[in-house]
Protein chains: 2
Amino acid sequence: MPLPQTEMPGRLQAHFAERGIRITQQRRAILQVMETASKHLDASQLLRKAKKIDASVDRSTVYRTLRLLKRQGLIDELDLMHLNGEKHYYERKLNRDHIHMACLRCGKIMEFVSDVFETLKGEVEKDCRFHIVVSRLEIGGYCASCSK
Amino acid sequence: MPLPQTEMPGRLQAHFAERGIRITQQRRAILQVMETASKHLDASQLLRKAKKIDASVDRSTVYRTLRLLKRQGLIDELDLMHLNGEKHYYERKLNRDHIHMACLRCGKIMEFVSDVFETLKGEVEKDCRFHIVVSRLEIGGYCASCSK
DNA sequence: GCTATTGTCGCAACTGGTCGCAACTGCAAT
DNA sequence: ATTGCAGTTGCGACCAGTTGCGACAATAGC
Ligand SMILES: [Mn+2]
Ligand SMILES: [Mn+2]
Ligand SMILES: [Zn+2]
Ligand SMILES: [Zn+2]
């Protein structure tokens, strides 16, 4: 089962500079956390980690920076089936979209890259004349070990 | 006061009866709203409409009933790309899954049924040995009239 | 119909995400 | 280096969703 290829250690901060977006102390801390994160951070985890780098970082700034990163297409927002409450999860956008699967029993999160998914998106673009910017496929169910 | 109990119960209420789930005045009101809704209600709209049928319905009961309906597989929960804040939208689960597309410019929501989507889910079940219970594909982008 | 059982409800307190505002700061022009 | 200012921040108030609890009401059994 194919896994998503990890992006080069590219810099979120570089994207900001290129697009003339102001780089503040707080944003630097938040971006650094997002860069180095093992995936799927939620907002409060992100806040806690960013505070370790710059203690002045406030909750609102985390949410505002997440919104900015989303608008810039640099991160994806996930529900992961809301297995643990309503919160959302964030991960750096990779070269290729991937599907997320969440096991409703053990809570494991799996990722899957598929050509059929690409085909499906192509179909939507053609049949609906819809120009896709972002797409998100999340599946809930039972993983191999839990479905026995 | 709630409507008379002799009123023709909808499918949701029938499902509750079959499964031995207690049918209360408040739930009857909420189910009735979900049955007759043109789609994609959010929680506060649902609360407002349900209160018109039974004024005693409380916010918590709406959320608890939504959770119950989700667990029973009777409704789907959608983000619709969080075009209007973080809230979630709900719709009755239909015979066949469909994709949701949201236009980032005009806000229009479109639905699309695709065999390729079914193929993709089949692939996930087979390749990942994952038993799918619920799936949700949401796409953000620009509709035909907005992408010119 | 009446009562006992137990699931559900409304309420109020709490948590997590948002927003308006005044203070601050990154950055670029001098 | 200094200055000027738009963009950004922390803060506090606010709003939406959750939870624990005592009161209540839907059902089953009499
Ligand atoms: Mn969501
Ligand atoms: Mn992922
Ligand atoms: Zn599992
Ligand atoms: Zn549009």
Side-chain angles (χ1 to χ4, degrees), chain A residues 12-31 41-51 53-72 75 77-90, chain B residues 1-7 9 12-31 41-51 53-72 75 77-90:
Chain A
L12 292 174
Q13 199 173 315
H15 285 264
F16 273 42
E18 280 163 26
R19 301 187 205 194
I21 299 167
R22 192 173 287 186
I23 295 166
T24 64
Q25 271 190 7
Q26 295 87 347
R27 283 179 179 171
R28 212 186 323 265
I30 294 165
L31 298 191
L41 285 180
D42 68 37
S44 63
Q45 293 171 322
L46 181 50
L47 172 62
R48 196 159 5 93
K49 284 169 186 281
K51 264 183 182 301
I53 300 172
D54 176 350
S56 82
V57 174
D58 188 72
R59 207 155 44 111
S60 333
T61 302
V62 168
Y63 289 110
R64 287 191 276 232
T65 304
L66 283 171
R67 197 187 308 151
L68 177 59
L69 286 164
K70 252 193 294 179
R71 270 202 309 264
Q72 294 293 320
I75 61 170
E77 183 181 57
L78 305 168
D79 277 15
L80 300 182
M81 279 334 202
H82 288 308
L83 287 178
N84 293 312
E86 290 275 294
K87 64 189 164 197
H88 291 117
Y89 295 88
Y90 302 89
Chain B
M1 278 302 288
L3 291 175
Q5 195 162 346
T6 55
E7 192 213 4
L12 293 176
Q13 195 171 318
H15 178 99
F16 273 39
E18 281 161 25
R19 305 281 281 252
I21 299 168
R22 198 171 282 190
I23 295 167
T24 65
Q25 277 189 3
Q26 294 86 348
R27 281 179 181 172
R28 209 178 339 255
I30 294 165
L31 297 191
L41 285 180
D42 67 36
S44 62
Q45 292 170 324
L46 181 51
L47 172 61
R48 194 157 10 90
K49 284 169 187 281
K51 265 184 182 301
I53 300 172
D54 177 350
S56 83
V57 174
D58 188 73
R59 206 155 43 114
S60 341
T61 302
V62 167
Y63 289 111
R64 287 192 274 233
T65 305
L66 282 171
R67 196 189 309 151
L68 178 59
L69 286 164
K70 253 193 291 180
R71 272 202 309 262
Q72 294 292 320
I75 60 170
E77 183 182 57
L78 306 168
D79 277 16
L80 299 183
M81 279 350 247
H82 289 308
L83 251 41
N84 293 312
E86 290 275 293
K87 64 189 163 197
H88 290 118
Y89 295 88
Y90 302 90

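Note that the structure is a prediction, hence the values are computed from the model and not measured. Residue numbers begin at 1 in each chain, while the letters A, B, ... track the order of the sequences.
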Can you tell me the distance, in whole Å, between the [atom1] atom of [X] and the [atom2] atom of [N]?
X	N	atom1	atom2	answer
Glu86(B)	dT18(D)	CD	P	13 Å
Ile30(B)	dG10(C)	CD1	P	8 Å
Glu77(B)	dA16(D)	CD	C1'	14 Å
Leu46(B)	dA16(D)	CG	P	15 Å
Gln45(A)	dG16(C)	CD	C1'	14 Å
Leu47(B)	dC9(C)	CG	P	13 Å
Lys51(A)	dT9(D)	NZ	P	13 Å
Arg67(A)	dG7(D)	CZ	P	16 Å

Find out whether [X] and [Y] are in side-chain contact, i.e. whether some heavy atom of one side chain is under 4.5 Å from a heavy atom of the other.
X	Y	answer
Leu47(B)	Asp58(B)	no
Thr61(A)	Arg64(A)	yes
Phe16(B)	Thr24(B)	no

For [X] and [Y], which heavy atoms make the closest approach, and how far apart are they?
X	Y	answer
Val57(B)	Lys51(B)	O-NZ, 3.0 Å
Ala29(A)	Asp54(A)	CB-CB, 4.0 Å
Leu66(A)	Ala43(A)	CD1-CB, 4.2 Å
Ala50(A)	Ile30(A)	CB-CG1, 4.0 Å
Leu41(A)	Lys49(A)	CD2-CE, 3.9 Å

Stem finding on DNA chain D, please: runs of three or more consecutive Watson-Crick or G-U wobble pairs, both distances under 3.5 Å, sorted by first number.
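Looking at DNA chain D, the stems formed by three or more consecutive pairs are C:1-30 with D:1-30.
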Nucleotide by nucleotide, nucleotides 21-30 of chain C touches protein heavy atoms under 4.0 Å in the pattern (B base, S sugar-phosphate only, - none) ----BBS---
Using a cut-off of under 3.5 Å, enumerate the N/O to N/O pairs linking the protein to nucleotides 28-30 of chain D.
none

Going by side chain to side chain contact (heavy atoms under 4.5 Å, CB included), name the residues that satisfy it together with Lys87(B), two or more places apart in sequence or in a different chain.
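Testing Lys87(B) for side chain to side chain contact (heavy atoms under 4.5 Å, CB included), a comparison that skips the adjacent residues, returns Asp42(B), Asn84(B), Tyr89(B).
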Partner residues of His82(B) under the side chain to side chain donor-acceptor pair (under 3.5 Å) criterion, sequence neighbours left out:
His88(A), Asp79(B)
Main-chain N/O of Thr65(B) paired to Arg27(B) side chain as donor or acceptor, under 3.5 Å:
no
Can you pull out the residues from residues 53-61 of chain A that lie within a 4.0 Å heavy-atom distance of DNA chain C?
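Within residues 53-61 of chain A, the residues near DNA chain C are Arg59(A), Ser60(A).
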CD (Gln25(B)) and OG (Ser56(B)) are apart, to the nearest 0.5 Å, by 6.0 Å
Which of these, His15(A), Arg67(A), Arg19(A), sits in a side-chain hydrogen bond (donor to acceptor under 3.5 Å, both in side chains) with Gln72(A)?
Arg19(A)
